[in-house]
Amino acid sequence: MVDNIVSPTSERSEISAPLQKQSWCQLGLHNYVKILIIGGAFYYLFRGVIGNIVQRWLTDSSWSHGFLIPLFSLYFINQKKEGILHSVQHNELKPNYLGLFFLICGISFYFFNIISPAGYGYFRGISAIASLGAVVLFLGGWCLVRYTWLPIGFLVFAVPLPQRFYVSVTMPMRKLAAAIATALLNLVPQMEATVSGVVIDIFYKGQHLEPPLNVAEACSGMRLLMAFLALGVAMAYLHYRPIWQRIILLASTIPIAILCNIVRVTVTGFIYVLLHPKYTQGIYHDMLGLAMLPLAFGLYGFLAWFMSGLLIEEEQAVSEDIVIRKPASPGRQRGE
C-alpha cells in the first residue's frame, strides 16, 4: 500500500464545515420588542441631552460629522453579528447586577448635572453613553459587553466638546499654523510676512496687503482632527493588525490632522497674496478644507501600507511542498 500525502490546508478545509450565514432575523420578535421598549425608555429619559447634541450637529459645522458616528457604531455591531447571535441562541447572555449599580450611578450623575448650578453640560452626554453601557452590562452581562464596548464608546466622538475647552484647544493649533505658514511665506521672493498671535501681516513687493490674514477658529484644524480621530479608531478596529500597529495608526491621526491644517493655512496664504483675497473666503475656503481630506487619507494609507510591509505573515513566509503519490496500477503491484 502506498500512502497519499495530503497538504495540511486541504485537511483543514475538509475538517471545517461551512458556517451557516447568520441573520438578524434569527434574533426573534420578542427580543426586538424588548429592544424597542428599552430604547424608547432610554430616549425618554435622556431626550433633553440627545436633542441638544443633534441641534449642535445641525448648527455647528465643526460637529456635523456627528450624524455619522451612530451609523459607524451600528456597523461595528453588525460586524459582531455572528458572536452576538451565537450568544443569544445558546443562552450565554446572563444579567449582571453590577450593571444595574452603574446604571443608577449614571442616571444620578446625569440629573445632578441638570439640577446643580455647578453642572457641566458636557458630562450629560457622557453620562447618557455610560448609562447605555450599563444597560448592556445589566441585561447581557460581560459576554454582550465584549461585542459592544467599542460601538458604545465610539459614541463619545458624537458629543460636542464644551465651547471653553474647544477654544482653549484650538488657539495653540491656530498659532502653530500661523507661525509655520508665515515662515513658508517668507521663502517667496519680495514677500515679507510677520505673525502676531493668529494674525499674519504680509508685505508683498513693498505693499502692505489689507486686511491682514487671520487664522480663524474654523482654520484651527479641530474639525479635521475630531473627524479624522474618529475615523482612525474605526480603521484600527476594522482592519486586523498587531496591537502595536493599531496604536501607532491611532496616534498618527493627530499629527496628520495638524500637518494637513498647516498645509491648508499655508496654501490659503499663497492664494491670498498671489491670486485674490476673495478666493480665501466662503465656498472657496470650504472647498480648500475638503481638499485636505484626500491628503489626510493618503498619508494615513501610506503609513498603514508601510507598516504592513514590516511583517510577513507566516502563511506567506513558509511555503509548503505538496507531494501527491498516485497508487500503482494493479498490474504493477503484482509485479507484471
Side-chain angles (χ1 to χ4, degrees), residues 16-58 65-111 113-114 123-159 230-231 233-240 246:
S16 59
L19 296 177
Q20 183 179 3
K21 188 176 182 180
Q22 301 285 346
S23 173
W24 286 114
C25 297
Q26 298 173 330
L27 199 58
L29 180 61
H30 63 287
N31 286 318
Y32 280 109
V33 173
K34 291 180 182 178
I35 294 174
L36 185 61
I37 295 174
I38 296 171
F42 181 86
Y43 174 76
Y44 180 80
L45 184 62
F46 296 102
R47 64 188 184 279
V49 65
I50 294 175
N52 292 335
I53 291 175
V54 173
Q55 184 66 25
R56 185 78 176 273
W57 295 347
L58 292 171
H65 66 275
F67 288 102
L68 299 177
I69 301 301
L71 300 180
F72 270 103
S73 294
L74 292 176
Y75 179 75
F76 294 156
I77 293 176
N78 187 67
Q79 292 295 103
K80 299 295 183 180
K81 176 176 57 179
E82 286 76 11
I84 295 175
L85 293 177
H86 180 273
S87 300
V88 172
Q89 294 168 0
H90 292 78
N91 296 323
E92 297 178 359
L93 304 183
K94 305 296 182 182
N96 190 314
Y97 290 96
L98 184 61
L100 179 61
F101 171 75
F102 289 151
L103 178 60
I104 295 174
C105 292
I107 295 175
S108 301
F109 188 69
Y110 171 75
F111 283 105
N113 276 272
I114 294 178
F123 287 123
R124 298 174 190 173
I126 301 300
S127 299
I129 296 174
S131 299
L132 179 61
V135 170
V136 173
L137 176 60
F138 174 50
L139 298 179
W142 294 110
C143 180
L144 187 59
V145 171
R146 182 180 61 180
Y147 298 115
T148 59
W149 66 270
L150 182 63
I152 295 174
F154 195 73
L155 295 174
V156 172
F157 290 108
V159 181
L231 184 62
V233 173
M235 296 297 291
Y237 173 75
L238 293 176
H239 290 81
Y240 175 77
R246 297 189 182 193

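This one's a predicted model, so the numbers in the text were calculated from it and none came from an experiment.
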Inset, instruction - Answer yes if the ring centres of F46 and Y43 are under 6.0 angstrom apart, and no otherwise. - result: no

Legend entry - Heavy atoms from other residues, nucleotides or ligands near CZ of F154 exceed 12 (cutoff 6.0 Å): yes

Inset, instruction - Might you confirm whether atom NZ of K81 has over 12 heavy atoms from other residues, nucleotides or ligands at distances under 6.0 Å? - result: yes

Partner set under ring-ring contact (aromatic ring centres under 6.0 Å, His included) for [X], not counting sequence neighbours:
| X | answer |
| --- | --- |
| F109 | none |
| F102 | none |
| F67 | W57 |
| F101 | none |

Legend entry - ring-ring contact (aromatic ring centres under 6.0 Å, His included) contacts touching residues 129-148 (sequence neighbours left out): Y97-F138

Would you indicate whether the side-chain heavy atoms of [Y] and [X] approach each other to under 4.5 Å?
| X | Y | value |
| --- | --- | --- |
| K80 | T148 | no |
| W24 | Y32 | yes |
| L132 | L155 | yes |

Tell me whether [X] contacts the main-chain N or O of [Y] through its side chain, where contact means a donor paired with an acceptor under 3.5 Å.
| X | Y | result |
| --- | --- | --- |
| R56 | I53 | no |
| N91 | S87 | no |
| H90 | H86 | yes |

Legend entry - N31: partners by side-chain hydrogen bond (donor to acceptor under 3.5 Å, both in side chains), with sequence neighbours left out: none

